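Take a look at the structure below.
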Amino acid sequence: MTASARYRAIRAYQRLRFLRARLLGRRRAWHGVRILGYHSISEGGTSLCVTPRAFRAQMEAVAAGDLTPVRLSDALDLLAAGPVEDRLVAITFDDGYLDNVEHAEPVLAELGLPATVFLPTRIVDGSVGYHWFPESPPALSWSDVAAAATRGTLDFQSHTRSHPWLPELSDEAAGEEIAASRSDLEARLGTVVTALAYPGGLYGSREERLVAEAGYRAGVSTTPGVNSGGETTLRRTLVYREDGGDVFAAKLAGLLDRPGIGRRIGYRRLGTFARGRPSASDQRSSARRARSTNDDDQRFSR
């Protein structure tokens with residue numbers, strides 16, 4: 001399937017889910033913390049690349065809506081305190097693309113919206129690249145990160161060191177990726193790092209344990225939905241290039257909070273969340289099959 005055909009198929013599937021949700025009357029006045037997840041803000045041709053024009057329109061919709069923007073670290077305090085009755089939105093970016101500062105930060109600053117960037121520290125170092133792109137796009141440097149942190153619109157949390165598929169790693173390697181990333185960030189920025197986003201949204205009970213042992217307050221997934229209070233693994237609503245205004249509005253309204261069928265079938269078969277850590281061979285199979293069966297809510301998640 002060509003890229004353009006794939007995008008059309010994803011868009012049609014999202015539209016079908018959107019229309020079905022409306023027919024079933026699933027619109028509801030949700031309460032809690034909705035975390036929006038972005039990647040690149042650019043004209044790149046993949047689903048991970050939301051155009052600057054679309055991003056501005058989406059942020060304007062957030063600013064104009066019946067929603068209260070909140071920084072992720074502050075949201076963790078509210079979630080730990082108990083049920084969240086307000087309608088809060090936290091904005092996040094994965095992977096540390098340079099365009100997060102070039103294109104996203106000015107819009108966020110103009111609208112008064114704080115946001116969090118999840119950084120893979122070895123990509124910021126320049127030690128490794130974005131292995132899911134044929135050619136790596138520009139990444140933030142440590143000087144970029146320090147300057148943005150000083151400006152205050154963006155803050156920075158962990159996305160491991162080299163962005164591996166964690167379930168494929170040994171206990172020692174996974175623990176190193178998770179814990180050392182936090183140490184790298186705290187040493188560079190002089191701030192406390194409290195959250196880690198799972199690369200590709202892939203995790204199991206072992207990864208949740210390692211995140212807690214490394215001192216994080218929360219792990220952030222790519223499972224859609226709202227966080228109400230008491231969670232340590234947080235749901236997140238991912239936004240893609242194919243999301244038109246109606247789909248983005250549907251995601252904000254909670255119409256697409258239920259994972260699509262591909263994700264449900266894939267994880268029901270794999271049992272990644274339900275049964276704890278699989279064997280080493282099952283982990284490798286799980287990660288491969290999860291990447292191939294995810295639907296529009298995780299298919300292109302990095």
Side-chain angles (χ1 to χ4, degrees), residues 32-41 48 50 55 58-59 62-63 67-80 84 88-121 123-124 139-142 144-161 163 178 181-182 184-186 188-201 203 211 214-227 231-239 251-252 301-302:
V33 178
R34 181 176 299 281
I35 304 172
L36 297 179
Y38 289 89
H39 293 82
S40 172
I41 306 302
L48 295 177
V50 173
F55 179 75
Q58 291 163 4
M59 293 302 97
V62 169
L67 305 165
T68 301
V70 63
R71 194 177 296 279
L72 180 63
S73 57
D74 296 330
L76 296 183
D77 292 335
L78 297 171
L79 290 168
V84 177
L88 308 178
V89 173
I91 300 161
T92 66
F93 300 85
D94 283 8
D95 305 338
Y97 302 102
L98 179 61
D99 57 58
N100 292 172
V101 165
E102 292 177 333
H103 298 146
E105 185 188 8
V107 174
L108 295 165
E110 176 186 333
L111 297 174
L113 302 175
T116 294
V117 181
F118 290 108
L119 291 178
T121 55
I123 290 180
V124 180
L140 292 168
S141 67
W142 284 118
D144 295 326
V145 170
T150 299
R151 290 190 294 270
T153 295
L154 301 178
D155 71 288
F156 299 90
Q157 301 286 339
S158 172
H159 202 31
T160 70
R161 268 189 154 174
H163 200 290
I178 289 167
S181 174
R182 182 171 186 248
D184 292 344
L185 285 166
E186 292 185 341
R188 286 281 187 170
L189 299 177
T191 58
V192 177
V193 173
T194 56
L196 174 140
Y198 295 108
Y203 72 99
V211 164
Y216 295 97
R217 297 178 65 187
V220 181
S221 75
T222 59
T223 303
V226 175
N227 304 286
E231 303 94 339
T232 55
T233 298
L234 302 181
R235 295 175 176 269
R236 186 161 51 150
T237 302
L238 295 184
V239 184
K251 288 184 173 183
L252 276 187
S301 169
R302 293 294 182 267

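Just so it is clear, the structure is predicted and the values come from calculations on it, not from any experiment.
- Residues Ser73 and Thr194 share a closest heavy-atom pair of CB-OG1, 4.4 Å.
- Considering every non-hydrogen atom in both Ala104 and Phe93, the closest pair reads CB-CZ, 3.7 Å.
- Side-chain atoms of Gln157 and Thr191, non-hydrogen and from C-beta on, never get closer than 4.5 Å to each other.
- Distance check, rounded to the nearest 0.5 Å: CZ of Arg188 to CZ of Phe156 gives 13.0 Å.
- Using modelled atom types, no side-chain atom of His163 and backbone atom of Pro120 make a donor-acceptor pair closer than 3.5 Å.
- Contacts classified as salt bridge (Lys or Arg N to Asp or Glu O under 4.0 Å) and involving residues 149-160 (residues at least two apart or in different chains) are given here: Arg71-Asp155, Glu105-Arg151.
- Checked options Val101, Leu140, Thr121; the residue passing with Val145 is Leu140 (criterion: side chain to side chain contact (heavy atoms under 4.5 Å, CB included)).
- In this structure, a donor-acceptor pair under 3.5 Å is present between the side chains of Ser141 and Asp144.
- Summarising the geometry, atom CG belonging to Asp95 is positioned 5.0 Å from atom NE2 belonging to His39; distances are rounded to the nearest 0.5 Å.
- In terms of heavy-atom proximity, Gly219 sits nearest to Val211 at N-CG1, 4.2 Å.
- Interatomic distance, CG of Leu234 versus OG1 of Thr223, reported as 10.5 Å (0.5 Å rounding).
- Here Leu119 contributes atom CG and Leu196 contributes atom CG; the two are 11.0 Å apart, rounded to the nearest 0.5 Å.
- Residues Val62 and Leu36 meet the side-chain proximity criterion, which asks for heavy atoms closer than 4.5 Å.
- Under 3.5 Å, the side chains of Arg34 and Thr237 contain a donor-acceptor pair of N or O atoms.
- Proximity of a side-chain donor or acceptor of Arg182 to a complementary backbone N or O of Val193 within less than 3.5 Å is detected.
- We find the CZ-CD1 distance between Arg161 and Ile123 to be 13.0 Å, quoted to the nearest 0.5 Å.
- Using a 4.5 Å heavy-atom cutoff, the side chains of Phe55 and Val239 are not in contact.
- Across all their heavy atoms, Arg236 and Ala197 have their closest contact at NH2-CB, 3.9 Å.
- With values rounded to the nearest 0.5 angstrom, Tyr38 atom OH is found 13.5 Å from Leu48 atom CG.
- Of all non-hydrogen atoms in Thr233 and Ser221, the two that sit nearest each other are CG2-CB, 4.3 Å.
- Leu252 places a side-chain heavy atom less than 4.5 Å from the side chain of Leu67.
- Residues Ala218 and Leu76 approach most closely at CB-CD2, 3.8 Å, considering heavy atoms.
- Between Glu186 and Val192 there is a side-chain heavy-atom pair separated by less than 4.5 Å.
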Requested in this report: Carefully, step by step, assess Ser181 and Phe118 under the rule side chain to side chain contact (heavy atoms under 4.5 Å, CB included).
Outcome: CA-CA 10 Å; Ser181 174; Phe118 290 108; over 6 Å; no
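- Between Ile35 and Thr116, every side-chain heavy-atom pair lies at or beyond the 4.5 Å cut-off.
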Query - Derivation and outcome, side chain to side chain contact (heavy atoms under 4.5 Å, CB included), residues Val220 and His159 - result: CA-CA 10 Å; Val220 181; His159 202 31; over 6 Å; no
